Chemist: 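Below is one structure. I have some questions about it.
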Amino acid sequence: MKAVVLKQPGTVPILSYVDIPEPSIKSDELLIKVLSAGFCRHDFLVMNGTLRRGIPSDPILGHEICGEIIEKGEEVENLNIGDRIVTLLTQSCGTCEQCQSDNEHRCENGIGIGHGSQGGFAEFLAVKQNSAILIPEFVSSDIACLLTCPIGVGIQALTDITNIKPGSSVAITGASGGLGIHVAQIAKAMGCSTFGITSSEGKISSLMELGLDEVILSSDDLEFSEIIQAMTADIGVDVVIDCVGSKYFSSCINSLASNGKLILLGELGNAKAQVNLAEILFRDLTIKGSTGARRKHVLKGIDLIKNDLLRPVVHTKLPLKDLLIAFGWMKENKLFGRIVFAD
Ligand SMILES: [Zn+2]
Ligand SMILES: [Zn+2]
């Protein structure tokens, strides 16, 4: 099968478009033909050498995967050849305490798909049945690969982690990126007032068209927190979902209302941030990280699409052999939504 192997991470990573044997499956696994695979910032950071822990040599990346089942093991139930599935982020064991308590994304024996094990930047993939979710007909293959990450990831952050309510105010940094653009729509679908923050002037009108209430241009001259404070009569917002990271940390803190929550989704590297701790103390702020998504978050994403409350945004579709082109575009911050690979 065709696959893209990362031979050497770096500023210009060395990739190899190779022909390798198809994976074989165990009795509880599915063999899928990859129909589409999203290009995540996680992949970008492995490719440029920032993320190294748990990565095998010559990895095949890609954890946002939609595929069609072409073979199944004898223990597989409820999924059939010809079905389309989206993968969860982890190959989970299904038997440990975490798996048994609906936390399969925290599986004690879990291996990250497209991180510790082979991912979706290949023609075929073997995946455990408990790491696969059936895709209904109304979700096209081009967007279905985005259901777990970024969509499920955003839903977990906005539901289990923040517990926002209709009427809550939510600011989203990196709002035009592949993660932020979906987080912003999900927040809107949940009845929140949304403040999208972007560093690209050219993306403002497209964000407004997606239904965000306010779009703020962040620049080196003016901290976006000052604009948010001005727009909220110096109250601030209830929640900031940060999809960027350390660069915006103090602006995120300064944007919050008393009792506000900052949820970190963006910093995957080693960068450090500085904060005045008294700001957190005297305003009763909460700072929390959120990673991954459970099955229920993916199902919620399918439901939002069905009700036209969420429109997955694909920047463009590329053939898999153009992975290095996608890397360059992400590096230059050229993307609006996700790049999806589909041959
Ligand atoms: Zn992802
Ligand atoms: Zn487990």
Side-chain angles (χ1 to χ4, degrees), residues 6 26 28-29 34 36-48 50-51 54-55 59-67 75 86-121 125 127-133 142-157 174 176-183 186 241-245 264-269 289-295 297-298 301 312-315 318 323 326-327 329-330 335 337-342:
L6 174 61
K26 301 193 182 94
D28 63 343
E29 288 183 337
V34 176
S36 64
F39 180 53
C40 186
R41 190 155 181 82
H42 182 113
D43 301 310
F44 175 85
L45 291 171
V46 175
M47 288 171 72
N48 77 7
T50 303
L51 287 181
I55 306 279
I60 296 171
L61 305 177
H63 59 266
E64 304 177 355
I65 307 158
C66 159
E75 284 176 40
V86 58
T87 57
L88 290 169
L89 301 178
T90 305
Q91 300 266 27
S92 54
C93 73
T95 54
C96 74
E97 203 175 316
Q98 294 285 4
C99 283
Q100 291 293 313
S101 47
D102 198 24
N103 285 324
E104 66 274 328
H105 67 318
R106 296 281 178 267
C107 172
E108 291 160 21
N109 309 303
I111 299 172
I113 297 171
H115 186 99
S117 68
Q118 187 215 308
F121 294 164
L125 175 71
V127 62
K128 282 174 176 279
Q129 63 171 332
N130 55 11
S131 300
I133 296 177
D142 287 350
I143 59 169
C145 57
L146 309 181
L147 281 168
T148 304
C149 180
I151 291 170
V153 169
I155 291 173
Q156 171 174 275
S176 55
L179 179 56
I181 208 163
H182 296 102
V183 169
I186 295 158
I241 305 281
D242 177 37
C243 301
V244 175
L264 304 175
L265 297 185
E267 187 70 69
L268 303 176
S290 177
T291 57
R294 291 180 171 87
R295 180 173 290 265
H297 302 123
V298 177
V313 181
V314 173
H315 176 89
L318 289 177
L323 179 54
F327 178 87
W329 288 351
M330 189 172 278
L335 306 180
R338 266 289 191 267
I339 285 180
V340 166
F341 297 110

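In each ligand, atom 1 is the first atom listed, and ligand 1 is the first ligand listed. Quantities reported herein were computed from a predicted structural model and do not represent experimental measurements.
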Chemist: Tell me whether Arg295 contacts the main-chain N or O of Ile133 through its side chain, where contact means a donor paired with an acceptor under 3.5 Å.
Modeler: no

Chemist: Compare all side-chain heavy atoms of Pro150 with those of Glu64 and state whether any distance is below 4.5 angstrom.
Modeler: yes

Chemist: Can you see which heavy atom on Met330 is nearest to which on Cys40, and at what distance?
Modeler: CE-C, 4.0 Å

Chemist: How wide is the angle at the Zn ion (ligand 2) between SG in Cys99 and SG in Cys96, to the nearest 10°?
Modeler: 110°

Chemist: Please check this pair: side chain of Gln91 against backbone of Lys128, looking for a donor-acceptor N/O pair closer than 3.5 Å.
Modeler: yes

Chemist: Which pairs pass ring pair (Phe, Tyr, Trp, His ring centres under 6.0 Å) with one or both residues in residues 92-120, sequence neighbours excluded?
Modeler: His42-His115

Chemist: Return all protein N, O or S atoms below 2.8 Å from the Zn ion (ligand 1), chain by chain in residue order.
Modeler: Cys40 SG, His63 NE2, Glu64 OE2, Cys149 SG

Chemist: According to the interplanar angle, ranging from 0 to 90°, do the rings of Phe121 and Phe39 count as parallel (below 30°), tilted (30 to 60°) or perpendicular (above 60°)?
Modeler: tilted

